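Take a look at the structure below.
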Amino acid sequence: MRDFSYLRASSADEARQAALQAGSVLLAGGTTLLDLAKCGVMEPETVIDITYLSGLGGIEVDANGARIGALAKMGEVADHAGIRAAFPAVSESLSLAASAQLRNMATIGGNLLQRTRCSYFREPDVFPACHKRNPGSGCSAMGGITRNHAVLGTSDTCIASYPGDLAVALIAFDAVVELGGRTVSVDDFFLLPGNTPERETVLKRGEMITAITVPASAAARNSTYLKVRDRQSYEFAAASAAVGLEFEADGRTVRDLRVALGGVATKPWRARAVEQALIGTVLSPETVEAASRLAMDGAVSHGANHYKIELAPRVVARAILKVGGLA
Amino acid sequence: MTIMEPRKHGDASDGTVGGRQTRFEGNLKVTGGATYALEYPVEGLAYAILVQSTIPAGSVVSVDAKKALAAAGVLMVLTPDDDMGLLVASDWGGNRPENQPYYPLPRQVQYNGQSIAAVVAESREQAVEAARLICITYEKAPHVASFNDTAAGEGKVMDNLTSGWGDAEAALAAAPVQIEGEYSTPREYHVAMEPHGLTVKWDGDQITVWEPSQWSHGMARSYSEWFGIPYENVRLISPFIGGGFGSKGAALAHGAVAAFAARKLGRPVKLALTRPQNFTNYGGRAATRQTIKIGATEDGVLQAIVHRGASETSTYADWPEQTGAATPILYRIENFSSQHRVVPVNTVTPGALRGPGKNPSAFGIESAMEELAYKLGMDPLELRLKNYADRDYQSGKPWSTRRLREALIEGAAAFGWSKRSHEPRSMRDGNQLVGWGIGCGTFPVIQAPSEAMIRILRNGRVEVVSGAIDMGQGTYTILAQTAAEVFGIPVDQVEVHLGDSRLPGSAIAGGSMLAGSILGAVHKAATAARDELIGLALNDEKSPLRDTGANTLTFSGGRIAVPRDRGPSLTLSELMAALGRDEIEIRRNTLPEGATVQEQHQAWTTMAKVQGPTMGEYSMHSWCAHFAEVRVDEDFGTVRVSRIVSAFDCGRLYNPRLVESQWRGGIIMGIGQALLEEGLVDQRNGRTVNNNMGDYLVPTNADVPHIEVISVGIPDYGASALGGKGVGEVGIVGVAPAIANAVFHATGKRVRDLPITLEKLI
Ligand SMILES: Cc1cc2nc3c(=O)[nH]c(=O)nc-3n(C[C@H](O)[C@H](O)[C@H](O)COP(=O)(O)OP(=O)(O)OC[C@H]3O[C@@H](n4cnc5c(N)ncnc54)[C@H](O)[C@@H]3O)c2cc1C
Ligand code: SF4
């Protein structure tokens, strides 16, 4: 691990200023940053610790929605009574993520910015070719072991999947990232790899996530996060779905439906085609199954990840049926 | 030496052999008081880190270490250009080529992730950073990434593993019912929590090595031979191990590198492998594949088994992961043929991992037996009982004890097997398909001579002293129980000193052979020490027991007395005081009478004197039957094990609590093997890409269901002095097929290649 200097920021402005320097990175819980520094993927010259800053933590929930400070811990948010009531999918996405130890360390801001688990990304000495790490160098994953790689949103340069869970739930409910000076929807916050897989978000140098807000909705209140994986706990999703549903007054016709997918795409993936197909209809297992398949429109497999194209719609369907009271 | 204080728990009977005494070292471990090899506080340490190849085959043309040497804190860089002047050490059998140089950092690259250089610096972080500055130029050679690569070929037949009797091919062809299947298991790894590594220090030509070890004496021998110093000059210390599972039985290249660096620098050196390096610096379980053909009569009597197996090995050594190890002995079979090949590929030489050989072998035969049961439309339990082996058809010898029938019957009863419905997909719980399966397992009883010392101290305490290892399986505890029983004292009056090559010699903590071997030695030494004390007590003029007319004494309840209360009784310390003795020290071994010093040394430091299961008049093995229940999500293909009942015949249990814990540990590893574990090798460069614990998955607590273990064994005095058979290895054997069989019962899908990941079921 390379030597770096450590700066404990005493104000958000100081942190932003310091982060303007090339080679500087913010440090929150450190569970992504230190891991990748040990792998030789991130090589910070200066680490700016923001965990001592006040005003960046806290979780507030009211009738309009939730505001979650960037430094709130994953575990705190998962267990927050207001979040659990108004946004069950958000709480579940966190409690099904990582391990208890990690959830106690890791922050919400850092969580959004976790990096891919592509094995080739993580071993620079052995696999020098990786466009994401080193633009123009190639992609070692293509033609290699791709069981966990994305089937949606891929490009010719990169097929790495976005591994996080929380962002999937956030994107389903139109959450917004506060960046100090500006706000961006979570959907717009994440970028497709295209020809620039090294750019994963719209975050600019010197910008900091200060909070995340999630508007309240009936769909969010009746929501779930379903995460499917081989290991019962402590594994990233093979495929996951955040789903929220609101019925019309008749209790059967879909007024609002939110569907987002994780573990299968290069960014947290909103499946609007599935939503559109079912809004205004009365759910049945058959219609849900058929609509869920639309989530895979445009999906491309790269060998061993082919199963995700089959699996993900089933996960979506199960989640919809669950919140719809049919499973 | 570490002194163990027993935990006070349970009643007095816990303290004797067969009692449920809790672990002696348990408190130390959970409070952080147990010092592991990499934690020894040694003054003036320098830190070494290995640099490994990033290509699978070829040679190192040059190593440019200029930048690394100039980096902060760097003390030394070692490369293939450094002749360390070492000599090749003996193999496990004790065979050693004359004067052959040993290069722990070789120029020839034989696999991706092979150690080829090392950096030593003032801090570990500096060493790691400098290691990244080293520039290696290779000349690449073609490689074979795995035995699935067409270039790998068929491999070579291991003649010593070819076995057969009757006329298997003919009997198979004539059999009215036949099945055939190909079964495979991937590369699997030990992933012990404690990584490999060591702290090493020289004082002149004396070397002290703190290194996790399953065999202090065998590993000390390697250090002495590498460096050409007398065996007595090496002290290898290993009182605690954070998991070995077969990986910590031999000294490895990184040990030689660290020891050389320490000597050259004149400073103690610590070297710890990184987690990824733990995947390539020593071998895990080899990938295997095997075809099994079984012929049977229509009513399910086996007629023939034909087995052909193969496992990967390295390009520089033959390590067979014997796929035919359990196949010949599980069932009554008159016509049998088995052959095993090794296929050299560019990997580190594989090694022993829990249940070596028997484990993948059982996956094959136990899966195949259930395939046969379904072909016959027969209950798999009934098929197994019908073909019960009344003797060992391979060696022709009678079993010493074999209570596999009881294991099957009692396991089935506890599991509720009779409530099973035979048809696949016939049991369901909502979205979950439920299935039940059986898998039998076995592991041979292996023994090696051992030595132990007993000291009776004036304060009435008894010390048990041995170089044997406790890697969590309970050596401290059962040795204390043995001594406590012999002297009739509470277990907390015993101290146990282990894990040091300077202490009396011992069998390896591996192959489930330690308990049976070392207990024999401790029992012998303790009995001899007691006899010595009796002799003194009855004859020494200072002894209050001298004129009682007794010709022996009883040891019970902490007191030494004349039989039938015909005289005074004393505690050990009172007697020692009366005798005016400070200590009585007795050393005994289980070698034949009159073994020379050389023979003793050979016995403790090599495997030359190890006794296999059929070397005597019996065929001796541990046995088990696992019953697994799985729930498979029909849509997602995810498998969860919801219940396991396992019944074991491991002879007499010296401490049922610790044995049950070992069985459960083996079963949990079996769950990982069945459902999760697989080294993913990139065929393009032979790299194991999931070389970390985030990507190489082992079970978490959430994956472990209620596991009920049952002992059906009886003391087997043919197998060991105190009647026990091995317990450590057998627990994992048969678990994976039990789960695979349950998955078939649940889903109707037969998965013949492990692990059973979700994509194989959707
Ligand atoms: C073994 C393992 C398993 C895991 N499993 C899961 C899982 O199943 N599901 C899941 O969702 N996640 C999982 N994770 C990822 C984990 O959730 C993230 O590592 C964690 O949330 C990151 O948060 P942190 O506070 O530790 O971030 P840090 O490591 O401190 O920061 C991560 C990145 O974000 C930047 N950053 C941090 N805070 C801010 C801010 N406020 N503004 C701008 N930039 C910022 C940092 O500069 C850094 O680049 C796992 C991680 C590990 C190591
Ligand atoms: S998939 Fe993306 S992250 Fe992985 S190696 Fe290719 S470019 Fe790098």
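Chain naming here is simple, since letters A, B, ... match the order of the sequence lines and numbering starts at 1 in each. Remember, it's a predicted structure, so these values are computed and weren't measured experimentally.
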Below 4.5 Å from any heavy atom of chain A, which atoms of Leu676(B) appear? Answer side chain, backbone, both or neither. side chain
Please classify the contact between Asn701(B) and chain A as side chain, backbone, both or neither, with a heavy-atom cut-off of under 4.5 Å. neither
Counting neighbours of CG on Asn104(A) that are heavy atoms of other residues, nucleotides or ligands and sit closer than 6.0 Å, is the number greater than 12? yes
Among residues 311-320 of chain A, which ones touch chain B with a heavy-atom distance under 4.5 Å? Leu311(A), Arg314(A), Val315(A), Arg318(A)
Met296(A), CE atom: more than 12 neighbouring heavy atoms under 6.0 Å: yes
Can you tell which part of Glu289(A) gets under 4.5 Å to a heavy atom of chain B, answering side chain, backbone, both or neither? neither
Which residues from residues 228-242 of chain A are near chain B, with near meaning under 4.5 Å between non-hydrogen atoms? Val228(A), Arg229(A), Asp230(A), Arg231(A), Gln232(A), Ser233(A), Tyr234(A), Glu235(A), Ala238(A)
Rounded to the nearest 0.5 Å, how far does OH of Tyr307(A) lie from CG of Leu758(B)? 6.0 Å
Find the one option among Arg147(A), His306(A), Glu310(A), Arg122(A) whose heavy-atom pairs under 4.5 Å with chain B are most numerous. Arg147(A)
Donor-acceptor contact below 3.5 Å, side chain Arg132(B) vs main chain Arg2(A): no
4.5 Å side-chain heavy-atom contact, Glu123(A) and Val689(B): no
Is it the side chain or the backbone of Leu102(A) that comes within 4.5 Å of chain B heavy atoms, both, or neither? neither
At what distance, to the nearest 0.5 angstrom, does OH of Tyr120(A) lie from CG of Asp682(B)? 3.5 Å
Using non-hydrogen atoms and a 4.5 Å limit, figure out which bit of Thr638(B) sits close to chain A: side chain, backbone, both or neither. side chain
Tell me, out of Asn112(B), Val639(B), Asn685(B), Leu675(B), who's got the most heavy-atom pairs with chain A below 4.5 Å. Asn685(B)
